[in-house]
Structure formats: structure tokens, C-alpha cells
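Everything on this sheet refers to the single structure shown next.
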Protein chains: 2
Amino acid sequence: MESVEAKSFKFKGREYPCCASLTMGIIGGKWKTVILFHLIGGKLRYSELRKCMPTVTERTLSLQLQALEDDGLVLREVYHEKPPLKVEYSLTAFGKTLIPLIQAIADWGEVAAE
Amino acid sequence: MESVEAKSFKFKGREYPCCASLTMGIIGGKWKTVILFHLIGGKLRYSELRKCMPTVTERTLSLQLQALEDDGLVLREVYHEKPPLKVEYSLTAFGKTLIPLIQAIADWGEVAAE
DNA sequence: CTGTATCCCTGTTGATACTG
DNA sequence: CAGTATCAACAGGGATACAG
């Protein structure tokens, strides 16, 4: 059909009108890129993430981590062997495909900062 | 000082806790990357942008364009020579520094789309 | 043609307290 | 240690009508 480009992009059941908005729907929001950025270096415990991001609340961090996990970007591993509960977060293989993008976002932010 | 990394990133008077969140503060939101993506190809009139983005409302498109203009990413040129008012939007030099990033965002979205 | 003015709804984020 | 529950606040975004 020669209609005016009505094609849409789908991901996990959500629809987006543009490939750019699909990406933003996944990594957008105030904290997701920050979490992903810190996870580039490797696994981090919940408490380590909080130290990296002192201004986020526990609730928000928890919610964003869940969203990232649901989208398959982040892996959550629980070690409950002994009382000091330990949970580690890391990038999945799919999440790692975002590394160049996250790095570019961080780099641009450094340059643009006054 | 050896404090726990309290440095912040500033842009246009706004403060961000991380270089990644600075970038997202500028190009984040539901529509900004879509607008920038369409402007990569060159100047576009208001009505042309609307055709590219059929699902955005006039109000939102207008607000987002203003925000992009305020941040110095987009140039707004008005031609009011004859009644059919004409306004063209284009990327500024500063806005063009975002092209690789926007392109990467769009590319990732295409690959991730199901 | 290119917007702005209202009004309202919703999602996201935050503060605080509490639990396994 | 690693969260969840609850409540509250706010900004982004949408519908519609109107203006330069």
C-alpha cells in the first residue's frame, strides 16, 4: 500500500509510531539509562547501585530495575544462602547490545555539560 | 575531596546527577527523539512534521519544539511574507552533534522491533 | 498555516514506613 | 540486605476549541 507510512514498531506487546520512540520507550525515563550506564562495568549489588545513585529512592530504583528485567535488558540473580541476602544485577546479552548506545549517551552528556 | 562522587552535571541551569541523565533530560520524553530523527534529513515545516508524526497532538508537538529550541538544538525560522504563514524547523550546529546518537537510537529500535 | 488556551487524565517519581 | 506498601505530588501528554 502507498499509504502515508502508517507502520508501527512493536516490542513486548507495546506499540510505537517510530523506531526512535521504541528505543526511548525502553530506555527512557529519568533513571533507566543511569542504571544501565553503571551496569556496563559489570555486576552490581542493589546496595552498590544505590551508592552510585544517591538521589534515587529505593522504590523508584526497584521499579526501574523490574522494568529493565521485564524487558530482558537486565538479569537479576539472588543468592539467599545465608541471611545477608544478596542480589546482583547485570546486563543480559540483549542488554549488552545497548552498551554502545548508553556509552554514546553518556559521552554526549559529558561534552554538553557546562 | 574524597567524598562519594557527589559531582553533578549542569545544562541550561538544570542539574543532573549523571552524564547519562543529562542527555536524557535533553532528548528524553516521548517525542523529542522522534522530532530530531525526522529533522536529520533537513528542514521541515510544521505541517510536514505533523505528517511524519500523525499520533502527536498539536499542543505536544508545539511544546516539544519549543523545548528543543530553548535548549539550542533546533532552529525555528518564520517566513511571514504572505498569509500562508510558513515556519521551518531545522537542526542547529549543536543539534547536529546529536545526529550520531539519534541515528544509533533509531537503528537499535529497528533491530529490537519484533 | 501555525500555532496557543483550557481542561483533565495518567504515569512516573518521591517520602516514609514496614517486611522477608 | 533487599526490597514492598501506601499515600501524595507533579509533569507529560491528550482533546478540543480558539487565535495570529
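All chains are named by letter (A, B, ...) in the order of the sequence lines, taking the proteins before the strands, and each is independently numbered beginning at 1.
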Does A:Thr23 form a side-chain contact (heavy atoms from CB on, under 4.5 Å) with A:Leu101? I'd like the steps, not just the answer.
CA-CA 10 Å; A:Thr23 304; A:Leu101 190 49; 3.9 Å; yes
Decide side-chain contact (heavy atoms from CB on, under 4.5 Å) for B:Cys19 and A:Phe37; before the verdict, give the C-alpha distance in whole Å, the side-chain angles of both, and the deciding distance to 0.1 Å.
CA-CA 9 Å; B:Cys19 50; A:Phe37 177 60; 4.1 Å; yes
Please test A:Val34 against B:Met24 for side-chain contact (heavy atoms from CB on, under 4.5 Å), starting from the C-alpha separation and ending with a verdict.
CA-CA 9 Å; A:Val34 182; B:Met24 295 308 287; over 6 Å; no
Do A:Lys32 and A:Val74 pass the side-chain contact (heavy atoms from CB on, under 4.5 Å) test, and can you show the C-alpha distance, the side-chain angles, and the key distance before you say yes or no?
CA-CA 11 Å; A:Lys32 284 183 191 164; A:Val74 161; over 6 Å; no
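Evaluated for a side chain to side chain contact (heavy atoms under 4.5 Å, CB included) with B:Leu44, the options B:Val87, B:Ile35, B:Leu39 yield exactly one hit, B:Leu39.
The interatomic distance linking B:Arg50 (CZ) with C:dG3 (P) rounds to 11 Å, in whole Å. Between A:Lys86 atom NZ and D:dA2 atom P the separation is 9 Å, expressed in whole Å. Computed from coordinates, the A:Leu61 CG to D:dC1 C1' distance equals 13 Å when rounded to whole Å. Here the C1' atom of nucleotide C:dT2 and the CG atom of B:Leu65 are 11 Å apart, to the nearest Å. The distance between atom NZ of B:Lys32 and atom P of D:dG12, rounded to the nearest whole Å, is 8 Å.
Under the ring pair (Phe, Tyr, Trp, His ring centres under 6.0 Å) criterion, the residue pairs touching residues 89-114 of chain B are A:Phe94-B:Trp108, A:Trp108-B:Phe94, with sequence neighbours excluded.
Here A:Tyr89 lies in heavy-atom contact (under 4.0 Å) with sugar-phosphate atoms only. Residue contacts shown for A:Gln64 are limited to sugar-phosphate atoms, with no base heavy atom under 4.0 Å away.
Near-neighbour residues of DNA chain D inside residues 66-77 of chain A, defined by a heavy atom below 4.0 Å, number-ordered: A:Gln66, A:Arg76. Less than 4.0 Å separates DNA chain D from no heavy atom of any residue of residues 33-45 of chain B. The stretch residues 22-29 of chain A does not touch DNA chain D, since none of its heavy atoms comes less than 4.0 Å from the strand.
The distance from atom OG1 of A:Thr57 to atom CZ of A:Arg50, rounded to the nearest 0.5 Å, is 8.5 Å. One distance of note links NZ of B:Lys12 with CD of A:Glu114; it measures 7.5 Å at 0.5 Å rounding. Here the CD-OH distance, from A:Glu58 to A:Tyr46, works out to 4.5 Å after rounding to the nearest 0.5 Å. The CD atom of B:Gln103 sits 5.0 Å away from the CG atom of B:Asp107 when rounded to the nearest 0.5 Å. Taking CG from A:Leu65 and CG from A:Leu49, the interatomic distance works out to 6.0 Å, rounded to the nearest 0.5 Å.
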Summary of protein contacts for nucleotides 15-20 of chain C, nucleotide by nucleotide, where a base hit scores B, a sugar-phosphate-only hit scores S (4.0 Å, heavy atoms)
B-B--B
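For B:Val87, the listed nucleotide lying nearest its side chain is C:dT2; candidates were C:dT2, C:dG14, D:dG3. Nearest nucleotide to the side chain of A:Thr60, out of C:dG14, C:dG3, C:dT2: C:dG14.
Distance alone, capped at 3.5 Å, places no donor-acceptor pair between the B:Ser90 side chain and the B:Lys43 backbone. Judged by distance alone, the side chain of B:Ser8 and the main-chain N or O of B:Pro17 form no donor-acceptor pair under 3.5 Å. Formation of a donor-acceptor pair under 3.5 Å by the A:Ser21 side chain with backbone atoms of A:Tyr16 is not found in this model.
Placement of B:Leu75 and B:Ile102 in two distinct hydrophobic clusters is found when ILVMFWY residues are connected by side-chain heavy-atom separations under 4.5 Å, directly or transitively.
The side chain of B:Lys30 contributes an N or O atom lying less than 4.0 Å from OP1 or OP2 of D:dG14. Residue A:Ser62 has no polar side-chain atom (N or O) positioned under 4.0 Å from OP1 or OP2 of D:dG3.
With a 6.0 Å radius and a threshold of 12 heavy atoms from other residues, nucleotides or ligands, A:Lys86 has its NZ atom above the threshold.
Each end of the helix from C:dC1-D:dG20 to C:dG20-D:dC1 gets its own axis, taken as the rotation carrying the C1' atoms of four end pairs onto the next four within a five-pair window, and the two axes meet at 60° to the nearest 10 degrees.
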